[in-house]
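Here's the structure we're looking at; comments come further down.
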Protein chains: 2
Amino acid sequence: MANTKETITDVAVDLFHQKGYFATSISDIAKGSGIQKAGIYYYFKSKEALLFHIMMRTMDELMIHLEQCLEGVTEIESRMRAAVHGHVDFHLRRQKENFIANSELRGLSPDHYRAIVKKRDAYEQIFQGLMQQGRDTGVFAKGDVRILSYAILTLCTAGAFWFNPQGRLSIDEIARMYEDFVLNGLKHGDMGGLEQ
Amino acid sequence: MANTKETITDVAVDLFHQKGYFATSISDIAKGSGIQKAGIYYYFKSKEALLFHIMMRTMDELMIHLEQCLEGVTEIESRMRAAVHGHVDFHLRRQKENFIANSELRGLSPDHYRAIVKKRDAYEQIFQGLMQQGRDTGVFAKGDVRILSYAILTLCTAGAFWFNPQGRLSIDEIARMYEDFVLNGLKHGDMGGLEQ
DNA sequence: GTCTATAGGAGGATAGAC
DNA sequence: GTCTATCCTCCTATAGAC
């Protein structure tokens with residue numbers, strides 16, 4: 001509780017995840033934070049600015065996390081594995097924020113929307129680069145890199161939607177499953193066999 | 001334009017897809033339909049009822065489509081292929097409605113939410129049944145059926161989010177790609193190797 | 001920094017005429 | 001069936017005191 005701004009952000013993450021951005025009012029967030037609604041505006045210019053703050057922070061940390069996962073890993077198959085594992089791991093550990101980042105893009109202003117999509121594209125391109133490299137060196141089967149990357153990222157991101165922290169499987173077990181599934185798909189799965 | 005109710009529904013599908021359910025007002029829908037907003041309430045009890053109508057219809061038709069795709073197909077691998085192909089095909093052909101059905105669950109009342117989730121669960125269970133059968137007969141590798149089914153369905157559903165009808169790939173080409181990718185994943189992809 | 005009070009507007013929904 | 005008129009609630013955001 002030391003920092004009011006952090007409290008507001010945390011409460012907003014909880015509520016946006018639970019009820020959705022549009023269904024959550026400034027008044028709800030204020031109540032949850034133990035302040036009056038006018039107090040929110042001392043820290044955030046608008047409700048939309050608060051959403052943007054949450055999303056931007058999540059995207060930045062997602063990217064940093066990926067870079068850390070790839071650091072020092074050189075061989076292409078291992079790099080792909082590390083990337084998928086890291087992606088799933090981050091999405092399950094930071095479930096609420098990732099859920100929001102993937103379902104509330106609608107709430108952003110055009111400018112903020114563009115800023116987030118730009119971050120997302122940069123992130124996707126790292127995956128596409130790995131896939132292209134694996135394909136070029138014959139480690140992965142051929143296939144449409146763009147579509148494959150959408151498929152793989154969506155697949156893994158979806159964990160943030162259904163994952164139950166109290167469930168029977170740990171984050172690491174799930175991340176390994178996805179890692180195996182994706183790598184098998186990439187190695188054997190000739191996705192349409194299209195040249196591009 | 002013969003049928004006003006259909007016009008309203010069609011306009012609502014367009015707008016919910018384009019701007020989202022919460023950002024679309026009754027007034028927007030009325031304007032698009034060429035009537036006054038009070039006119040909407042002659043056909044639908046509330047905005048939420050209109051959303052529910054769209055979703056329910058989509059889920060029903062999705063299920064019927066799956067059943068038709070499986071009709072007369074007996075061998076398990078072919079059945080799984082037919083199911084995946086049909087799922088992708090339906091999601092790309094009826095892109096807007098499927099987009100809505102997958103992103104606007106938040107807008108439903110608790111009762112309606114339960115009704116839609118029930119339909120979705122029944123649909124998922126058909127896939128899980130196919131996967132279980134394939135696993136039991138040794139055609140597919142072992143793996144966690146529930147998690148695999150989430151993964152596969154999400155993967156394919158995602159097409160409704162990024163698919164561009166004017167793009168370089170046809171619906172059938174994409175459906176085939178996914179079919180191959182998923183089947184390869186199921187046959188070789190030992191998803192964590194968990195017994196269940 | 002946080003409060004009280006309120007402006008200002010939008011949007012869902014209804015009443016009742018035609 | 002469709003329209004006009006309007007109610008009523010809710011919510012974002014701001015002004016200004018403390």
Side-chain angles (χ1 to χ4, degrees), chain A residues 1-56 100 103-113 115-116, chain B residues 1-56 100 103-113 115-116:
Chain A
M1 289 295 187
N3 188 330
T4 308
K5 185 170 184 179
E6 273 177 33
T7 304
I8 293 170
T9 307
D10 289 350
V11 170
V13 166
D14 278 352
L15 291 174
F16 290 168
H17 175 251
Q18 195 186 112
K19 314 176 25 169
Y21 172 72
F22 289 103
T24 301
S25 69
I26 289 290
S27 175
D28 291 334
I29 299 168
K31 227 167 276 167
S33 308
I35 55 171
Q36 294 305 308
K37 56 183 180 164
I40 306 278
Y41 293 92
Y42 178 76
Y43 297 99
F44 296 98
K45 186 172 140 286
S46 66
K47 185 183 169 189
E48 190 267 347
L50 173 52
L51 176 64
F52 179 63
H53 172 71
I54 292 168
M55 286 209 187
M56 197 49 131
I100 294 166
S103 59
E104 301 292 6
L105 280 162
R106 285 253 136 99
L108 295 173
S109 71
D111 277 5
H112 286 165
Y113 178 85
I116 296 295
Chain B
M1 289 296 188
N3 188 329
T4 307
K5 186 169 182 178
E6 273 177 33
T7 304
I8 292 170
T9 309
D10 289 350
V11 170
V13 166
D14 278 352
L15 291 174
F16 290 169
H17 175 251
Q18 197 187 110
K19 313 174 29 166
Y21 173 72
F22 288 104
T24 301
S25 68
I26 289 288
S27 175
D28 290 335
I29 298 168
K31 228 167 275 166
S33 308
I35 55 171
Q36 294 304 310
K37 56 180 184 168
I40 306 279
Y41 293 92
Y42 178 76
Y43 297 98
F44 296 97
K45 189 170 138 285
S46 66
K47 185 183 169 190
E48 189 268 346
L50 173 52
L51 176 64
F52 180 63
H53 172 71
I54 292 169
M55 285 205 186
M56 196 48 131
I100 294 165
S103 58
E104 302 291 6
L105 280 162
R106 285 252 136 102
L108 295 173
S109 71
D111 277 6
H112 287 165
Y113 178 85
I116 296 294

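By convention in this document, chain letters (A, B, ...) are assigned in the order of the sequence lines, proteins followed by strands, and residues within each chain are numbered from 1.
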> From B/Y43 OH over to B/T9 OG1, what is the distance, rounded to the nearest 0.5 angstrom?
Replying inline: 10.5 Å
> Is there a residue in residues 39-48 of chain B whose heavy atoms reach under 4.0 Å of DNA chain D, and which residues are they?
Replying inline: B/Y42, B/Y43
>> I need the CD1-C1' distance between A/I29 and D/dC11, as an integer number of Å.
In response: 12 Å
> Partners of A/K31 by salt bridge (Lys or Arg N to Asp or Glu O under 4.0 Å), sequence neighbours excluded?
Replying inline: none
>> Side chains of B/M56 and B/H112, heavy atoms from C-beta outward: is any pair under 4.5 Å?
In response: no
> Is there a side-chain contact between A/T7 and A/I35, using heavy atoms and a 4.5 Å cut-off?
Replying inline: no
>> A side-chain contact here means heavy atoms from C-beta on lying under 4.5 Å apart; do A/Y21 and A/K47 qualify?
In response: yes
> How many Å lie between CZ on A/F22 and C1' on D/dT12, as a whole number?
Replying inline: 13 Å
>> With no hydrogens and no angle check, just 3.5 Å: does a side-chain donor-acceptor pair link B/D28 and B/S25?
In response: yes
> Under 4.0 Å between a side-chain N or O of B/Q36 and OP1 or OP2 of D/dT4?
Replying inline: yes
>> In this structure, how many angstroms lie between the P atom of D/dC10 and the CD1 atom of A/I26, rounded?
In response: 17 Å
> If you draw the axis of the six-membered ring of B/Y42, does the NZ or CZ of B/K5 fall within 45° of it and under 6.0 Å from the ring centre?
Replying inline: no
> What do you reckon, is NZ of A/K19 surrounded by more than 12 foreign heavy atoms closer than 6.0 Å?
Replying inline: yes
>> Return a single string for nucleotides 5-10 of chain C, one symbol per nucleotide in 5' to 3' order, where B is base contact, S is sugar-phosphate-only contact and - is none, cutoff 4.0 angstrom on heavy atoms.
In response: ------
> In whole angstroms, how far is the C1' atom of D/dG1 from the CD atom of B/E6?
Replying inline: 16 Å
